[in-house]
Amino acid sequence: MESFKILHEVPSTVFDCVLIHYGELGLKGLNRPIFEKKLIENICRAVEGLEYNGMRKRQGRIILELKENSDKNKFAESLKKVFGIAWFAFCFRTEATLEDMQLLLKDRFQLEAGTRAKISAKRADKTLPFTSMDVNRELGTYLVKQFKAKISLSEPQKEIFVELFEGKAYMFDKKFKGLYGLPIGVSGKVLHLLSGGIDSPVAAWLLMKRGCEVDFLHFHAFQQFDERRNAKILELVKVLTQFCFKTRVFFVPYYPFEAEAVEAPAKYRLILFRRFMIKVAEEIAKQHDILTLGSGENLAQVSSQTLENIAAINKITSLPILRPLLTYEKNEIVELARRIGTFEISTRPYKDCCSLFISKHPATKAKLEIVESIERKLNLSDAIKESIEKTEIINVK
Ligand code: ATP
Ligand code: MG
């Protein structure tokens with residue numbers, strides 16, 4: 001039997017590299033190198049385990065070199081979750097000469113006759129003997145000749161982008177939108193109060209978007225952390241970890257507080273609980289060198305979220321409390337929760353607050369003196385101590 005050597009043509013879906021743009025946002029002065037270093041580190045973590053040939057930073061872009069067997073979809077999925085990326089594109093690369101670019105157009109970009117097309121060239125390499133306008137014109141003319149395309153600058157059906165730098169041309173026809181924001185790790189660490197609700201996971205994601213590393217603190221209704229009964233919280237954290245690679249969750253039982261708070265007037269229990277949560281959070285943050293707390297609180301979404309109550313809550317701690325959702329509409333929060341992937345989990349039943357003994361009509365304008373005088377009659381410091389002692393830390397990757 002004759003044996004054949006089958007010569008495969010390189011399929012047109014094999015791209016040379018991914019071009020990653022991070023935009024100008026937040027790139028002022030001294031921050032820029034820190035930003036870029038972190039972004040590259042984070043991209044490395046995001047694509048860990050995928051096949052590729054390395055990464056380099058060039059002229060305000062990151063170039064990720066692909067291998068022939070690189071799985072494009074997996075790279076796209078991973079890069080879409082990295083904060084700090086403005087957009088990215090899978091590219092073909094050739095020498096930055098008009099002939100080479102035309103050859104590449106012929107080999108890699110098939111256009112049907114009559115397609116309204118446009119070339120958008122950007123020249124970062126100012127040493128080249130032509131301008132980006134020249135490239136637009138020459139390659140546009142080539143598209144008409146080679147594919148019988150029509151040039152349309154205002155309403156193209158197909159736009160082919162050309163970026164010229166380091167003597168090379170990078171060509172692509174699809175831009176994938178990134179998340180923008182800042183790379184996680186450039187803004188320090190937050191200890192974030194995570195409930196099982198819709199808001200606090202979204203708030204955590206927004207903090208990550210501003211470059212914060214986020215550790216989580218959850219107060220649960222059980223005697224001790226229980227993987228099965230606290231599964232909802234772990235699932236929320238797992239979804240969020242896709243954006244931040246790794247995190248910790250502090251699981252704190254609140255029964256010591258409950259035992260004390262039965263002595264307090266029902267309408268003050270909610271504000272007492274909030275102050276208790278913040279006090280515990282502050283202690284844990286200090287033990288772990290964390291300078292800031294985060295929460296999913298909103299202004300006036302529920303009747304107890306008033307400025308008076310926020311003021312009374314803040315008075316219990318010297319740490320700043322970041323509340324990224326303060327001014328959001330509920331529907332905006334829900335829309336974000338759906339995009340992030342936490343909404344469905346958040347709406348599952350779960351007991352995350354001592355609702356059994358908290359009044360249906362909590363104090364809406366809690367007076368600090370009254371709150372403090374109630375607290376003086378309770379033994380909250382022991383409750384705080386006991387809750388902290390019973391805290392369990394779970395690492396999530
Ligand atoms: P969420 O949807 O995040 O629960 P919410 O609008 O329901 O927010 P509240 O339930 O009043 O508001 O809680 C306000 C904030 O207090 C939460 O966003 C969260 O940061 C924090 N919080 C509430 N319950 C807990 C809990 N069991 N553990 C940790 N943090 C909590
Ligand atoms: Mg809630």
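When a ligand or atom number is given, it counts from 1 through the structure's own listing order.
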Colleague: Describe, in one word, how the ring planes of Phe83 and Trp205 are oriented to each other, choosing from parallel (under 30°), tilted (30 to 60°) and perpendicular (over 60°).
Modeller: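 Rings of Phe83 and Trp205: perpendicular, over 60°.
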
Colleague: Could an N or O of ligand 1 be found under 3.5 Å from any N or O of Phe273, whether backbone or side chain?
Modeller: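 In fact, backbone or side chain, Phe273 has no N or O that close.
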
Colleague: Could you list the atoms of ligand 1 found under 4.0 angstrom from a heavy atom of Gly197?
Modeller: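 Those atoms are 1 (P), 2 (O), 4 (O).
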
Colleague: Out of Ile333, Ile233, Asp199, whose heavy atom is nearest to atom 8 (O) of ligand 1?
Modeller: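 Of the listed residues, Asp199 has the closest heavy atom.
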
Colleague: Kindly write out the residues that satisfy side-chain hydrogen bond (donor to acceptor under 3.5 Å, both in side chains) with Thr241, not counting sequence neighbours, or none if the list is empty.
Modeller: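 By the side-chain hydrogen bond (donor to acceptor under 3.5 Å, both in side chains) rule, Thr241 matches no residue at all.
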
Colleague: Under 4.0 Å from any heavy atom of Ile198, which atoms of ligand 1 are there?
Modeller: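 Close to Ile198: 2 (O).
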
Colleague: Are Asn298 and ligand 1 in contact, using a heavy-atom cut-off of under 4.0 Å?
Modeller: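 So Asn298 does not count as touching ligand 1.
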
Colleague: Taking only heavy atoms of Ser295 into account, list the atoms of ligand 1 that are under 4.0 Å away from them.
Modeller: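 Answer for ligand 1: 20 (O).
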
Colleague: Under a 3.5 Å cutoff, is there a donor and acceptor pairing between the side chains of Thr115 and Gln157?
Modeller: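 Note: Thr115 and Gln157 side chains miss the donor-acceptor criterion.
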
Colleague: Compute the shortest N/O to N/O distance between Phe219 and ligand 1 and return yes if it is under 3.5 Å, no if not.
Modeller: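 Yes; at least one N/O pair falls below 3.5 Å.
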
Colleague: State if His220 counts as touching ligand 1 under the rule of any non-hydrogen atom under 4.0 Å.
Modeller: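 For ligand 1, residue contact (heavy atoms, under 4.0 Å) with His220 is absent.
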
Colleague: Considering only heavy atoms of Leu217, which atoms of ligand 1 have at least one such atom less than 4.0 Å away?
Modeller: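 Per the distance check, 29 (C).
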
Colleague: Assess the side chains of Thr306 and Thr364: does a donor N or O sit below 3.5 Å from an acceptor N or O?
Modeller: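 No.
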
Colleague: Hey, is CD on Glu335 packed in by over 12 heavy atoms from elsewhere, all under 6.0 Å?
Modeller: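 Counting neighbours around CD of Glu335, 12 or fewer heavy atoms of other residues, nucleotides or ligands fall under 6.0 Å, so no.
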
Colleague: Of the listed options (Lys330, Glu297, Arg323, Met277), which comes nearest to atom 22 (N) of ligand 1 when hydrogens are ignored and any heavy atom counts?
Modeller: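 That would be Met277.
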
Colleague: What I want to find out is whether Glu166 reaches Arg56 closely enough, with some N-O distance under 4.0 Å, to be called a salt bridge.
Modeller: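 Yes, charged N to carboxylate O under 4.0 Å.
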
Colleague: Measuring from the heavy atoms of Gln305, does anything fall under 4.0 Å of ligand 1?
Modeller: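 True for this residue.
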
Colleague: Within the structure, does Leu194 bring an N/O atom to less than 3.5 angstrom of an N/O atom in ligand 1?
Modeller: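 In this structure, Leu194 places an N or O atom under 3.5 Å from an N or O of ligand 1.
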
Colleague: Please round to the nearest 0.5 Å and tell me the distance separating atom CG of Leu164 and atom NZ of Lys126.
Modeller: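 Output value for this atom pair is 9.5 Å.
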
Colleague: With no hydrogens and no angle check, is any side-chain donor or acceptor of Arg229 less than 3.5 Å from a backbone partner on Phe222?
Modeller: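 Side chain of Arg229 to backbone of Phe222, a donor-acceptor pair under 3.5 Å: no, none is there.
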
